[in-house]
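Numbering of residues begins at 1 and proceeds along the displayed sequence. Scope of the values below: all heavy atoms of this structure, side chains included, with no hydrogens, waters or symmetry mates.
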Amino acid sequence: MLLLVGLFWLLPTIGLLASSLRGPIDIQQSGWWQVFTKPAQLTLHNYSNLLSNDTITSSLLNTVLITVPATVLVVLIASLAGYAFAWMEFPGRDWLFLAVIGLLVVPVQVALIPVAQLFGRLGIFGSITGVVLFHVAFGLPFAVFLLRNFFAEIPRELLEAARLDGAGELRLFFTVVMPLGGPAIASLGIFQFLWVWNDMLVALIFANADAAPITVALQQQVRQFGNNIDVLASGAFISMIVPLVVFFAFQRQFVSGVMAGAVK
């Protein structure tokens, strides 16, 4: 039963891959399942045409330039903030954490126009920097909330023993808290990477043609050429394969983080 459910869940992905390996004439004449009876239809011509398109290749590079900094900055800032909220005493700590939790309920759509006006005054509207900052800002509340709750479960005795050995807050954070919080940080990194990589709404508004990621580039292909499934299928599969590789590469850490949160 689990095998059947898994195959049914993967059916759209299999169909997308099969369509991306067929020519436009074959796609118009029959369904993608014909590749199992007519393997001669399989070709890499769609991918060669797609990768020779300067718009697609530059959009892939833009996607990397947006996703990697947005993920690294969210993980780094949220880790430091989560540790501070969990184990450091400072005035207004609880109220600040409640403010962070309150930001979780702010929808992205509400901030699009005000942030666009702000970025326009700062001169970063339409650039990769603006898209990265938007993703970092809206990724931080959940990230801080997640890591603060995970770090708060670390035994106090470990931190006190490190402090008795002369460790400062930064050394304590990097040598004790970060290794123990590895599964939670990996889970957060995967979530943030997938969210930013697959985003189209923010990039569609805040990125110009030179800074557009792959999602916007594929959407423009639909607008320009209509029902060109051969281009869209190959482009969509290329856009999808990178998050899949990242997920399976960190699958063990992801499962460990989820299980650790469930047990605690």
Side-chain angles (χ1 to χ4, degrees), residues 2-72 128 131-132 135 186 189-204 207-254:
L2 291 177
L3 181 61
L4 291 176
V5 172
L7 290 175
F8 182 77
W9 190 265
L10 290 174
L11 193 61
T13 304
I14 297 172
L16 181 65
L17 175 61
S19 297
S20 68
L21 295 174
R22 305 176 72 210
I25 298 178
D26 294 329
I27 293 175
Q28 294 175 3
Q29 292 179 349
S30 60
W32 60 265
W33 51 87
Q34 294 294 326
V35 297
F36 296 106
T37 57
K38 299 177 181 179
Q41 294 181 353
L42 298 177
T43 177
L44 295 176
H45 187 66
N46 295 337
Y47 287 96
S48 62
N49 290 338
L50 189 72
L51 295 178
S52 62
N53 188 329
D54 293 337
T55 302
I56 297 298
T57 54
S58 62
S59 65
L60 281 172
L61 178 60
N62 291 337
T63 306
V64 175
L65 294 177
I66 292 172
T67 306
V68 173
T71 303
V72 172
I128 291 178
V131 181
V132 171
H135 283 300
I190 292 174
F191 279 124
Q192 179 69 11
F193 185 92
L194 295 178
W195 178 52
V196 178
W197 184 277
N198 294 320
D199 170 74
M200 189 179 72
L201 175 63
V202 175
L204 193 63
N208 56 24
D210 296 331
I214 185 64
T215 52
V216 176
L218 291 176
Q219 185 269 342
Q220 292 174 349
Q221 294 289 323
V222 177
R223 183 178 59 188
Q224 292 176 1
F225 302 110
N227 191 19
N228 51 342
I229 189 63
D230 54 324
V231 175
L232 296 178
S234 53
F237 192 80
I238 290 177
S239 176
M240 183 179 62
I241 194 64
V242 175
L244 285 177
V245 171
V246 172
F247 176 79
F248 285 112
F250 296 96
Q251 183 181 15
R252 179 174 300 178
Q253 290 82 358
F254 176 77

Main chain of Leu17, side chain of Ser20: is a donor-acceptor contact present, judged purely on distance under 3.5 Å?
yes

Rounding to 0.5 Å, atoms NE2 (His135) and CD1 (Ile66) come to a distance of 6.5 Å

Side chain Ser58, main chain Thr55, donor-acceptor under 3.5 Å:
yes

May I ask you to decide if Ile128's main-chain N or O and Asn62's side chain share a donor-acceptor pair within less than 3.5 Å?
no

On a heavy-atom basis, which atom in Ala236 and which in Leu218 lie closest, and how many Å separate them?
N-CD1, 3.8 Å

Between Phe193 and Val242, is any pair of side-chain heavy atoms under 4.5 Å apart?
yes

Ile238 vs Ile214 side-chain heavy atoms within contact, under 4.5 Å:
no

Sequence neighbours left out, what passes side chain to side chain contact (heavy atoms under 4.5 Å, CB included) with Val72? Give chain and number order.
Val68

Test side chain to side chain contact (heavy atoms under 4.5 Å, CB included) applied to Met200 - qualifying residues, sequence neighbours left out
Thr215, Val216, Gln219

Any side-chain heavy atom of Trp197 sitting closer than 4.5 Å to one from Thr71?
no

Within the distance-only criterion (no hydrogens, no angle test), does the side chain of Thr63 pair as donor or acceptor with the backbone N or O of Ser59 below 3.5 angstrom?
yes

Nearest 0.5 Å, what's the CG-CG distance between Leu204 and Asp199?
9.0 Å

Rounded to the nearest 0.5 Å, how far does CG of Leu2 lie from CH2 of Trp9?
13.5 Å

